[in-house]
Protein chains: 2
Amino acid sequence: MGELRRPFSKAIAVLRWLVDASHGSYGVREISAAMNAPVTTTHRALNALLQEGLVVKNDSNRYTLSLEAYRLGLALAPKSPWREVCMPFVRRASRETGETAAFSIFDPVRLQRFTAARMESDHAVTIVDRGYWKPLHAGASGLALLSFLDEATQAEVLGMPNISRETTQTIIDPIELRKKMEAVRAKGYAVTRGQLIAGVVGIGAPVFHPDGRLLGSMYVSIPEQRFAERREDPIAASLLACCSAFTNQLARGWTG
Amino acid sequence: MGELRRPFSKAIAVLRWLVDASHGSYGVREISAAMNAPVTTTHRALNALLQEGLVVKNDSNRYTLSLEAYRLGLALAPKSPWREVCMPFVRRASRETGETAAFSIFDPVRLQRFTAARMESDHAVTIVDRGYWKPLHAGASGLALLSFLDEATQAEVLGMPNISRETTQTIIDPIELRKKMEAVRAKGYAVTRGQLIAGVVGIGAPVFHPDGRLLGSMYVSIPEQRFAERREDPIAASLLACCSAFTNQLARGWTG
DNA sequence: TTGAAGTGTTTCTTTTAGTGGAACGAATGG
DNA sequence: CCATTCGTTCCACTAAAAGAAACACTTCAA
C-alpha cells in the first residue's frame, strides 16, 4: 500500500501553492484538495513548514505564509539577476510606446515563460497579470519566443499536452500555429489580439543572448480600444530597437 | 549511528543559505561545510532541490538558485502584506527628513527584526544593508523595539545567547542596555551612533498596532559626517508623526 | 609522468520517520 | 440536537534518509 515517499516534494508543493495561489489563510483540507493528496500527508507537510517557520497557524487553525517566507521573497527578488539587467530596457520601451511594457524570461527547461519586469503606462487603464509561468503558444510574448526556437524544440512545445485554449482567440491547431510562427519570423516580431487576455493587443519581440541563444522577449500590452493599426509599425520598431540594445548591453560584459 | 532524520529541514536549510548568502554558484562540499552536515546528506538535499527545480547544476557541477526560485521570490515580494502598507510612510519619512528612511518589522517569535521597506535619500552617500534578520539590542531600529516590549520579553532578549558586539559601539552589558532602554522610553525614540554600522547615526521610533502590540519601527540612517546635534529634534518629531500616522491608518480598516 | 589532493557521485546497511486509512474530539449550523 | 464539517492523532507498514567509505574524475605540482 505504501505510496511513493517524497516528503520534501510534498512540502514544497504546498509552499509553492501558497505562494502562487494565495493571499489569505487556508485550512488543511482545502490545501489537501488542491494538492490532490491525503489530508494526513498535507497535514504533515504543513507541520514541516511550520517548524521551518515558513508558514504560521492562526487562532482558528488556518495556515498562512509567515513573515519569514515573505522575507525570503523580499531578499530574493532584488537579487534576481534578471530584473536589474532588463529594467532599463523595459522602462525605455514603455516610455517610447506610451504603453505598458514588460520583459518575459524564457525557461529552456520548462519551455515556458514568465514576466520578470513590467513598467505600467501612465494611462488610467492598464493591464495586470500575475506573473506565473505562461505557455509559449499564446500571446505575443510567447509567440515571439516560440517562433525563434529551433525546429526540435518547437516540435516539443507543439506536442506538449498543455496546448490550452486561453481565450477564444488562442490558436491551438498545430498547422495554424506553424503558419502564424512563420509570419512572426518574417516580420521579426509578433502581434496578437486577445490570445491570452480578451481585449488586449500584444506586440512582442525576441531578445537574444550575444551567444545566440534565446533569452526572453520584450512586449507591449495595449487595450484593444486604444490600439490603431497605424501604431503597429512605430511600436514594433521601438520594441526591436530595445531588444537589440538589450543584446548589445549583454555583449558588453555580462556573463549570464 | 542513525542521526535525526529531517530531509525537509535539511533541504530548506540549503535553500535558505543559498538565498541569504548567495550570488553565485557553489560546490557540494562548500555548501556541506556551511550546513555543518555530511556531504552525502547535502548532496541528497541538493538533488531534492534540483528535482523541484529550485536550484540548477551548471556544467562544472556547481549549484545555483534557479530561475524558478527567483520567480517565487518575485511573485512573493509584491504580495508581502507589509510593503504596500508601510511604503507610503517610509516615503514620507524620507521626504521630510531628507535622509534614508526604512521600516523594520518585529517578529515576536524570533525576537528579531528585519527591514521590509526602505527609501533611499537623494544624497550621493547612502546606507545600504542586506535585509536579513537583525538583533534588537543594537542600533536605533532594534532599540526602538526592545525598549517598548513587555518586561518578560525584554528579559528573554537580554538573556539570549546572541547578544553580539556588532561594532565597537554596540552595548552588550545588560545593565547598560537597560539604562539605554530607559532613556529611549523617556524620549519616545532611540538615537544611536555606529552601533550596527560604524559611522552611521540611527534614529528610530516604534510603530504600534491599534490593538497595542508592537509591530515594528521606523528609522532614519544618516552618515555621521552629515549629522548635526540640532537635527535630532526635527527628525525625531517627523519620525514620531509618521509612526502615529501609520498606527492611525491601521486603525482605519486593516485586519493585520 | 606520476601521484596527491581536490572535486561530485554512488554504494551500502541500518533504522527512522513518512504513509494514509480510520478513528477522534471540537466546532459549526441547520 | 444530530449531522456535518473541521484539524488532529493513531497505527502497522515499509520506503527512503542517514552517513561512512569507496569510486570516478579533474587538477595541479613534483
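Naming: A, B, ... by sequence-line order, numbering from 1 per chain. Keep in mind it's a predicted model, so treat the numbers as computed, not measured.
A side-chain donor from one of A:Ser104 and A:Ser141 sits under 3.5 Å from a side-chain acceptor of the other.
Taking atom CG of residue A:Asn61 and atom P of nucleotide C:dA27, one finds them 9 Å apart after rounding to whole Å. One interatomic measurement links the two molecules: CG of A:Asn47 to C1' of C:dA17, which rounds to 14 Å at whole-angstrom precision. Distance A:Lys10 NZ to C:dT19 C1': 8 Å, rounded to the nearest Å. One can place CE of B:Met35 at 14 Å from P of D:dA18, the figure rounded to the nearest angstrom. Atom-to-atom, CG of A:Leu46 to C1' of D:dG7 comes out at 11 Å; the value is rounded to the nearest Å.
A cation-pi arrangement is present between B:Arg113 and B:Tyr219, with the terminal nitrogen or guanidinium carbon under 6.0 Å from the aromatic centre and inside a 45° cone about the axis.
Phosphate contact (OP1/OP2 of D:dA18, side-chain N/O of B:Arg44, threshold under 4.0 Å): present. B:Lys57 has a side-chain polar atom (N or O) that falls below the 4.0 Å cut-off from OP1 or OP2 of C:dT9.
Nearest-nucleotide positions on DNA chain D for A:Phe8 and A:Ser60 put A:Ser60 closer to the 5' end. The residue among B:His43 and A:Thr41 whose nearest nucleotide of DNA chain C is located toward the 5' end is B:His43. Take the nearest nucleotide of DNA chain D for A:Arg62 and for A:Pro7: the residue whose nucleotide is more 5' is A:Arg62.
A salt bridge links A:Arg62 with A:Glu30: the distance from a Lys NZ or Arg NE/NH1/NH2 to an Asp or Glu carboxylate oxygen falls below 4.0 Å. Ion pairing of B:Lys10 with A:Glu52 is absent here, as no side-chain N (NZ or NE/NH1/NH2) approaches a carboxylate O to less than 4.0 Å.
Among the heavy atoms of the strands lying under 4.0 Å from B:Tyr63 are primed sugar atoms or P, OP1, OP2 only; no base atom is included.
Across the helix from C:dT1-D:dA30 to C:dG30-D:dC1, the helix axis at one end is tilted relative to the axis at the other end by 30° (nearest 10 degrees, each axis from five pairs).
For the ring pair (Phe, Tyr, Trp, His ring centres under 6.0 Å) test, no residue two or more places apart in sequence or in another chain qualifies with A:Tyr63.
Looking at A:Glu166, its side chain never comes within 3.5 Å of a backbone N or O of A:Leu196 through a donor-acceptor pair.
Taking the six-membered ring where the residue is Trp, B:Phe114 and B:Trp133 present perpendicular rings, their angle passing 60° and hence far from 30°. The aromatic rings of A:Tyr26 and A:Trp17 lie perpendicular to each other, with more than 60° between the two planes, well past the 30° mark. Between B:Phe246 and B:Phe103, the two ring planes are tilted [angle within 30° to 60°].
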Detail all sub-3.5 Å separations between protein N/O atoms and N/O atoms belonging to nucleotides 21-29 of chain D.
none

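No hydrogens or angles were tested; on distance alone, nothing pairs the side chain of A:Arg5 with the base of D:dA16 as donor and acceptor under 3.5 Å.
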